[in-house]
Amino acid sequence: MVKSLFISSISQEDKKENKGSVEFQIISFTNRIRRITSHLELHRKDYLSQRGLRKIIGKRQRLLSYLAKKNGVRYKELVSQLKIRESKTR
């Protein structure tokens, strides 16, 4: 399952302690985005899921920009680990 692949990248000890960390939240949102995207490939007219996907993408984008401002090194590592595009800076 996709979720286990990315969450396993965080060690088990860190996962218990840092569920509220920015990295964990970004990984969680990325897993949800990938799950909803695969759902939308089958069900193209599911507009409620499309709306939910846009909301989750916005939340992840805000967290990524926050992480980029606070710690650029951790941001670069996370983006390369998750294989997502870097956000555009404003």
Next on the checklist: I'd like to know whether Ile33 forms a side-chain contact (heavy atoms from CB on, under 4.5 Å) with Ile84, so could you lay out the CA-CA distance, the side-chain angles of the two residues, the decisive distance to 0.1 Å, and finally the verdict.
Outcome noted: CA-CA 11 Å; Ile33 288 169; Ile84 56 177; over 6 Å; no
Checklist outcome for this item: When every non-hydrogen atom of Arg60 is compared with those of Phe29, the smallest separation belongs to CB-CB, 4.0 Å
Item to check | Residue pair Leu40 / Ser49: nearest heavy atoms and the distance that separates them | outcome: CD2-CB, 3.9 Å
Next on the checklist: Checking Leu78 against Ile27 for the side-chain contact (heavy atoms from CB on, under 4.5 Å) test, could you report, in this order, the C-alpha distance in whole Å, the side-chain angles of both residues, the deciding distance, and whether it holds?
Outcome noted: CA-CA 9 Å; Leu78 188 64; Ile27 290 171; 4.1 Å; yes
Checklist entry - Got a second to check how far Gln81's CD is from Ile26's CD1, nearest 0.5 Å? => result 10.5 Å
Checklist entry - Between Arg44 and Gln50, which heavy-atom pair has the shortest distance, and what is it? => result O-NE2, 2.8 Å
Checklist entry - Quick one: salt bridge (Lys or Arg N to Asp or Glu O under 4.0 Å) pairs with a partner in residues 50-59, sequence neighbours left out? => result none
Checklist entry - Of the non-hydrogen atoms in Arg85 and Val79, which two are nearest, and what is the gap between them? => result C-CG1, 4.2 Å
Checklist entry - Does Phe24 offer a backbone N or O that forms a donor-acceptor pair with the side chain of Ser28 under 3.5 Å? => result no
Item to check | Side chains of Glu86 and Tyr75 in contact at under 4.5 Å (non-hydrogen atoms) | outcome: yes
Next on the checklist: To the nearest 0.5 Å, what is the distance between OG1 on Thr30 and CD on Gln25?
Outcome noted: 11.5 Å
Checklist entry - Rounded to the nearest 0.5 Å, how far apart are OG1 of Thr37 and NE2 of His39? => result 10.5 Å
Item to check | Heavy atoms from other residues, nucleotides or ligands near CG of Leu42 exceed 12 (cutoff 6.0 Å) | outcome: yes
Item to check | Pairwise distance CG(Leu64) to CD(Glu23) - rounded to 0.5 angstrom | outcome: 10.0 Å
Item to check | Separation between NZ of Lys76 and OG of Ser80, rounded to the nearest 0.5 Å | outcome: 9.5 Å
Checklist entry - Is Glu77 reaching over with its side chain to a backbone N or O of Gly72, donor-acceptor style, under 3.5 angstrom? => result no
